[in-house]
Protein chains: 2
Amino acid sequence: MKTIAVIKQRGNRLTKPRKAISTILLQTKFPLTIKEIMNQLKKNDVYTDTVSIYRTVKLLLNLRCIQQIEFGDGKKRFEAVKENNHHHHIICDKCGKVEEIFFKDENYFALQLKKKTQYKIHRHSLEFFGLCQNCY
Amino acid sequence: MKTIAVIKQRGNRLTKPRKAISTILLQTKFPLTIKEIMNQLKKNDVYTDTVSIYRTVKLLLNLRCIQQIEFGDGKKRFEAVKENNHHHHIICDKCGKVEEIFFKDENYFALQLKKKTQYKIHRHSLEFFGLCQNCY
DNA sequence: GTACGTGCAAACAGTTTGCATCATG
DNA sequence: CATGATGCAAACTGTTTGCACGTAC
């Protein structure tokens with residue numbers, strides 16, 4: 001996996017927790033909280049503490065292997081960044097189910113923005129909230 | 001102000017902290033954290049504790065007088081909901097400066113979404129992050 | 001006067017920091 | 001074997017809960 005290679009940049013060591021966390025994030029199709037990562041690690045019989053997860057996650061963020069997303073419940077969530085996979089999320093307010101959403105002409109807004117502001121935009125967040133099929 | 005009237009619905013009492021917090025949120029043009037609300041209250045010589053702010057903010061959220069926004073730093077921010085004022089934000093990653101942004105054809109995406117998903121969407125969040133004029 | 005709201009203390013949840021020990025390269 | 005990473009304890013920040021006192025209606 002590419003992430004594994006990227007970690008070894010700049011002399012970062014490829015340790016068991018780092019490998020395991022990267023793999024989990026690459027394999028999961030929705031953003032995970034620190035606790036959820038912890039639970040996945042346990043399932044794979046990898047024992048770490050939350051602090052190590054926080055630190056690995058910070059490293060992966062710096063290396064741009066993952067990105068951070070918030071759903072408004074005070075927990076940060078983390079998700080692997082894959083090529084040609086830019087997407088957003090719909091979250092069910094009731095059961096928490098997450099679905100990915102892809103838009104075609106997303107720079108439609110980026111272009112409007114360029115005209116309206118002098119900020120140099122690096123990234124954006126766009127999430128939708130509502131009720132899934134099962135919850136209404 | 002409308003908020004004041006709405007509070008009195010359902011027998012909610014119009015107390016000093018509630019009035020002051022509502023006014024502050026109505027007058028500020030960017031989303032405030034709990035601490036920032038606290039500081040504004042102090043400036044106005046209204047003494048409360050953070051717990052009361054949390055509770056008032058929760059009330060105002062339920063009454064749909066304000067909305068909650070996150071900028072990714074782990075703090076919730078609160079902003080008055082005004083009529084015909086639906087907007088989003090650009091946040092400077094360096095100095096934290098916030099600018100409001102208005103889009104014309106925003107339901108362009110809403111329509112795309114309706115086709116793609118069976119979720120019943122209630123709201124969305126859209127924030128942009130980058131550097132302001134002064135910071136790059 | 002009677003709920004309802006406040007403000008204090010204290011608990012709780014998410015996250016960060018310090019430091020001795022461990023293990024990758 | 002040296003430096004970087006881990007894992008524990010402990011601190012810190014944001015948020016919630018419990019309860020006696022105060023106050024709007």
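What you see is a predicted model; the values in this text were computed from it and never measured. Order of the sequence lines sets the chain letters (A, B, ...), proteins ahead of strands, with each chain counted from 1.
At the phosphate of D/dG14, neither OP1 nor OP2 sits under 4.0 Å from any side-chain N or O atom of B/K76. Note on B/T15: a side-chain N or O is less than 4.0 Å away from OP1 or OP2 of C/dT6. In this model, the phosphate group of D/dC25 is approached by a side-chain N or O of B/K8 to a distance below 4.0 Å at OP1 or OP2. In terms of phosphate contacts, A/K35 brings a side-chain nitrogen or oxygen within less than 4.0 Å of OP1 or OP2 of C/dG14. Taking 4.0 angstrom as the limit, A/Y54 places none of its side-chain polar atoms (N or O) nearer than this to OP1 or OP2 of C/dT16. At the phosphate of D/dA5, OP1 or OP2 sits under 4.0 Å from a side-chain N or O atom of A/N12.
Nearest nucleotide to the A/R55 side chain, out of C/dT16, D/dT15, D/dC8: D/dC8. The nucleotide whose nearest atom lies closest to any side-chain atom of A/P17 is, among C/dT16, C/dG7, D/dT6, D/dT6.
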> Between B/H124 and A/H89, does a ring-ring contact (aromatic ring centres under 6.0 Å, His included) hold up when you go through it step by step?
Replying inline: CA-CA 10 Å; B/H124 62 273; A/H89 303 93; over 10 Å; no
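Classified by interplanar angle (parallel below 30°, tilted 30° to 60°, perpendicular above 60°), the ring pair A/H87/A/F102 is tilted.
Residue contacts shown for A/T48 are limited to sugar-phosphate atoms, with no base heavy atom under 4.0 Å away. Within 4.0 Å (heavy atoms only), B/K19 reaches no atom of the nucleic acid at all.
We find that CD of B/E70 is positioned 11 Å from P of C/dT15, with the value rounded to whole Å. Rounded to whole angstrom, the span from the CD atom of A/Q9 across to the P atom of C/dG25 amounts to 14 Å. Straight-line distance from the NZ atom of A/K75 to the P atom of D/dT15: 14 Å, rounded to whole Å. Rounded to whole Å, the distance from CG on A/D49 to P on C/dC19 is 17 Å. Nucleotide D/dG14 holds its P atom 13 Å from the CD1 atom of B/I53, rounded to whole Å. Here the P atom of nucleotide D/dG7 and the CG atom of A/L41 are 10 Å apart, to the nearest Å. As rounded to whole Å, 17 Å separates atom P of C/dG14 from atom NZ of A/K58. Between A/K16 atom NZ and C/dC22 atom C1' the separation is 11 Å, expressed in whole Å.
If you check distances only, the side chain of B/R13 does reach the base of C/dA3 with a donor-acceptor pair under 3.5 Å.
Remark: A/F129 CZ is packed, more than 12 non-hydrogen atoms of other residues, nucleotides or ligands lying under 6.0 Å away.
For the pair A/L59 and B/V51, nearest-nucleotide mapping onto DNA chain D gives the more 5' position to A/L59.
Taking the six-membered ring for Trp and the full ring otherwise, the centers of A/F103 and A/Y108 sit at least 6.0 Å from each other.
Looking at B/K97 and B/D93, no side-chain N of the basic residue comes within less than 4.0 Å of a carboxylate O on the acidic one, giving no salt bridge.
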